[in-house]
Amino acid sequence: MRNYLYSLFNRAAQKLDYLKDVNIIFTVPQQENHGDFSTNIAMLLSRKLKRNPREIASEILAVLEIDNRIIEKTEIAGAGFINFFFTKSYVSNLTKVIIESGESFGRSDKYKGKRAQVEFVSANPTGPLTVGHGRNAVTGDTIANLLTAIGYKVDREYYFNNAGRQMRVLGDSVRLRYLELLGEKIEFPEDYYQGEYIKEIAKKLLDEYGDNLKDESADEKFKERAEQEIFIEIKGTLNRLNIIFDNYFNEHSLYEEGRIKELLELFSKRNLSYEKDGAVWLKFSELGNEQDKVIVKSTGEPTYRLPDIAYHITKYERGYDLIVDLFGSDHNATYPDVMAALKALGYDTGKIKVLIHQFVTITQGDEIVKMSTRKANYITLDELIDEVGSDVVRYFFNMRSITSHLNFDIDLAKKQSDENPVFYLQYAHARIASILRMAQEQGLDISTENLHLLETDEEQRLLKKLYQYPEEVMLSAENYEPHRICVYLEELAALFHKFYTVCRVIGSSKDLAEARIALIVATKTVIKNGLSLLGVSALDRM
RNA sequence: GCGCCCGUAGCUCAAUGGAUAGAGCACGUGACUUCGGAUCACGCGGUUGAGGGUUCGAAUCCUUCCGGGCGUACCA
């Protein structure tokens with residue numbers, strides 16, 4: 001529909017000079033009586049041409065070579081909007097396109113040949129994933145799905161660090177629990193990892209090694225085993241959400257391959273760093289950021305910034321056209337440094353898209369559940385999946401815009417009722433499946449021969465909505481906004497349910513019934529395609 | 001203090017700078033002897049935190065306040 005309008009305006013531009021080189025936007029008006037599409041172009045041109053917008057609009061309308069089999073009516077409205085009303089037969093014929101495209105309806109090859117990387121989760125293996133990580137995981141995976149849908153070849157990557165202070169504390173936490181199990185009196189420091197899982201790992205080591213690890217240091221068996229066990233659990237959790245990474249990138253490899261050292265030398269050679277108080281500083285203040293920051297501590301150990309920068313350089317080297325980083329808002333201070341450093345080294349930071357999602361607040365009833373991995377008074381992602389299921393988890397994390405704080409009410413998510421939008425969508429899908437089963441028993445088949453019979457308001461509204469789906473996918477993907485898909489699907493499902501209450505499939509004349517079957521098959525296709533982008537299952541029965 | 005994000009109906013949230021700011025839930029009233037009532041229809045509900053500005057037009061952009069979240073390390 002939109003394409004037809006563009007072609008109309010392209011031809012018109014040959015007659016009206018002021019239509020050349022202008023970016024014309026067609027929107028779907030909020031109100032139905034404003035048409036199927038609307039453009040504000042006359043109002044935008046009004047200033048440039050210093051003329052009345054309605055006058056411009058009528059001039060434009062006069063030169064449009066409109067096919068009245070496609071567009072039934074045009075009008076100039078309000079301050080100078082041009083509204084277009086499509087014919088019912090044109091709209092109902094769109095069903096065919098959806099049926100023929102099937103699973104690929106909504107996909108695009110706009111970015112075919114481009115490669116993207118999405119880095120997300122990236123939690124260090126110090127404990128089970130929390131609900132906070134859940135939002136990151138689901139958002140990242142869905143964005144990867146969306147980018148795939150518009151043509152990118154996408155790699156999902158998980159960056160982690162198994163060296164450093166955090167991990168030493170982890171190893172020592174296990175060691176102390178182990179000694180405790182051996183009956184020693186130990187004092188467990190408050191800032192150590194308090195979780196039950198530490199005790200479980202200690203118990204495993206005890207079962208396997210008896211007291212042979214008594215004098216072992218925290219950094220070896222204890223840490224290694226902790227990392228191994230925790231990673232197995234993390235991957236298991238992600239797997240339950242159908243999240244599979246293409247690559248796990250270990251920060252440590254940057255040291256092993258000498259990348260850290262190289263980078264340090266490069267900074268020095270480019271005169272971007274200096275030494276002070278026994279530490280190495282990077283001149284961020286000269287790169288436009290607030291202040292210089294330490295990249296190598298006086299102990300000789302790099303801070304996280306240095307490997308972060310080195311890591312991003314590998315992303316460039318691996319040839320990605322688009323690099324997406326997804327962080328929680330607690331990391332919002334770290335990326336400007338990385339970006340500034342990359343820019344100073346001559347990398348095109350325009351390729352990097354940093355996404356920051358806001359925090360998840362977990363409420364249970366009226367109570368806010370505070371989160372802290374170390375104190376272990378959190379609800380794990382696994383527990384959440386146990387409670388509400390993976391479909392609900394994925395849907396809830398996707399349904400809010402990432403800039404918005406997300407309130408996850410566990411009690412509400414648990415309710416398998418109409419308070420829960422996931423079921424509304426799945427119900428629509430199952431309902432269609434049910435009609436199709438029954439239609440088959442009655443010997444009715446799908447047919448696109450008599451689509452023009454789909455002419456009630458309910459059918460036309462549903463069709464127009466269906467046909468908007470590809471644009472919605474494109475907008476969601478290009479703007480990194482998974483929640484748009486949820487909003488769209490809820491509107492679509494509502495239109496289907498309205499159709500259902502007004503229009504009967506079985507019981508109508510054969511021609512009409514078979515045309516309506518085409519319509520509901522198209523609806524089922526779009527719901528399924530949309531849910532699949534979100535990673536939520538579409539059920540034929542529930 | 002400074003930086004990023006947020007503030008929209010009782011609650012949870014939508015809304016490319018567009019036309020009368022929309023959904024869901026909650027609340028109230030209705031709707032099946034025929035395709036799944038996990039549904040649908042109608043109603044109630046708003047000074048878009050407050051003030052100023054930009055323009056044909058602002059929830060959206062700028063600015064000053066107020067309130068909340070997250071940061072602001074030689075932690076990651």
Side-chain angles (χ1 to χ4, degrees), chain A residues 25 27-31 33-34 38-40 43-44 46-47 52-53 77-81 83 122-124 126 160-161 164-167 169 251 276-281 289-291 293-305 307-308 328-336 356-359 361 363 399-409 412 415-424 426-428 430-439 441-442 444 475 479 483-484 486-487 490-491 493-494 496-508 513 516 520 541-542:
Chain A
I25 294 171
T27 57
V28 178
Q30 287 186 6
Q31 288 197 59
N33 57 14
H34 291 150
S38 176
T39 180
N40 61 354
M43 283 134 84
L44 295 180
S46 153
R47 183 166 333 152
N52 181 319
F81 295 100
N83 297 337
S122 296
N124 288 339
T126 59
F160 71 101
N161 178 14
R165 203 186 71 88
Q166 272 190 339
M167 293 299 288
V169 172
E251 178 183 326
K276 192 182 86 181
D277 306 331
V280 182
W281 298 66
N289 287 5
E290 269 194 24
Q291 51 191 356
K293 300 271 178 66
V294 169
I295 51 174
V296 182
K297 299 183 238 178
S298 54
T299 60
E301 208 178 354
T303 65
Y304 63 89
R305 288 183 198 91
D308 270 6
S329 63
D330 54 337
H331 284 67
N332 78 60
T334 71
Y335 79 91
I356 305 227
H357 65 82
Q358 295 302 307
F359 264 39
T361 311
T363 54
M399 73 182 179
R400 304 299 181 216
S401 98
I402 65 169
T403 58
S404 192
H405 291 254
L406 189 151
N407 193 315
F408 200 121
D409 185 335
L412 189 140
K415 289 185 190 166
Q416 308 237 333
S417 75
D418 52 358
E419 287 174 63
N420 202 326
V422 188
F423 298 117
Y424 186 73
Q426 291 183 327
Y427 180 65
R431 200 175 215 184
I432 293 171
S434 166
I435 299 172
L436 292 175
R437 283 192 295 268
M438 202 153 298
E441 285 170 19
Q442 311 247 333
L444 292 166
L475 281 171
N479 296 308
H483 78 280
R484 294 187 66 111
C486 296
V487 173
E490 286 172 38
E491 288 168 359
F496 166 73
H497 286 305
K498 286 178 214 279
F499 157 82
Y500 175 88
T501 52
V502 175
C503 303
R504 297 196 55 83
V505 177
I506 293 160
S508 298
R516 282 180 173 167
I520 65 172
R541 293 174 206 271
M542 20 190 323

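Quick note on labels: first sequence line is chain A, next is B, and so on, each numbered from 1. Keep in mind it's a predicted model, so treat the numbers as computed, not measured. The figures that follow rest on heavy atoms only: side chains count, while hydrogens, waters and symmetry mates do not.
Considering only side-chain atoms of A:L44, the nucleotide from B:G71, B:G18, B:A38 that sits closest is B:G18. Residue A:M43 places its side chain closer to B:C56 than to any other of B:C56, B:C35, B:C75. Which of B:U34, B:A76, B:A73 sits closest to the side chain of A:E251 comes down to B:A76. Among the nucleotides B:C35, B:C13, B:G18, the one closest to the side chain of A:A79 is B:G18. Out of B:A19, B:C35, B:C74, the shortest distance to the side chain of A:M438 is found at B:C35.
One finds a side-chain N or O of A:S434 lying less than 4.0 angstrom from the OP1 or OP2 phosphate oxygen of B:G36. For B:A14, one of the phosphate oxygens OP1 or OP2 lies less than 4.0 angstrom from a side-chain nitrogen or oxygen of A:S401. Contact annotation: A:R47 side-chain N/O to B:C56 OP1/OP2 distance is under 4.0 Å. Within the structure, a side-chain polar atom (N or O) of A:H483 is placed less than 4.0 Å from OP1 or OP2 of B:A15. Contact between the side-chain N/O atoms of A:S329 and the OP1/OP2 oxygens of B:C4 is not found at any separation under 4.0 Å. At the phosphate of B:U72, neither OP1 nor OP2 sits under 4.0 Å from any side-chain N or O atom of A:K293.
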Show each protein N/O and nucleotides 42-47 of chain B N/O combination with a separation under 3.5 Å, one pair to a line.
none

Give me the distances for all protein-to-nucleotides 20-23 of chain B N/O pairs that come in under 3.5 Å?
none

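Counting non-hydrogen atoms under 4.0 angstrom, A:C503 reaches a base of the nucleic acid. Note on A:Y424: only backbone sugar-phosphate atoms sit closer than 4.0 angstrom, heavy atoms only; bases stay farther off. Within the 4.0 angstrom heavy-atom criterion, base atoms lie near A:A430. Heavy atoms of A:M399 sit nowhere under 4.0 angstrom from any nucleic acid atom. Note on A:R541: a base of the nucleic acid sits closer than 4.0 angstrom, heavy atoms only. Among the heavy atoms of the strands lying under 4.0 Å from A:S298 is at least one base atom, whether or not backbone atoms are also near. Note on A:N83: a base of the nucleic acid sits closer than 4.0 angstrom, heavy atoms only. As judged by a 4.0 angstrom heavy-atom cut-off over every strand, A:N407 is placed among residues touching the sugar-phosphate backbone only.
You'll find a donor-acceptor pair under 3.5 Å spanning the side chain of A:Y304 and the base of B:A76, going by distance alone. Side-chain to base pairing of A:N40 with B:G18: one donor and one acceptor N or O lie within less than 3.5 Å of each other.
Per the stacking criterion (ring centres < 5.5 Å, plane angle < 30°), A:F81 stacks onto the base of B:A19.
With both ends at atom C1', the span from B:G18 to B:G3 equals 33 Å, rounded to whole Å.
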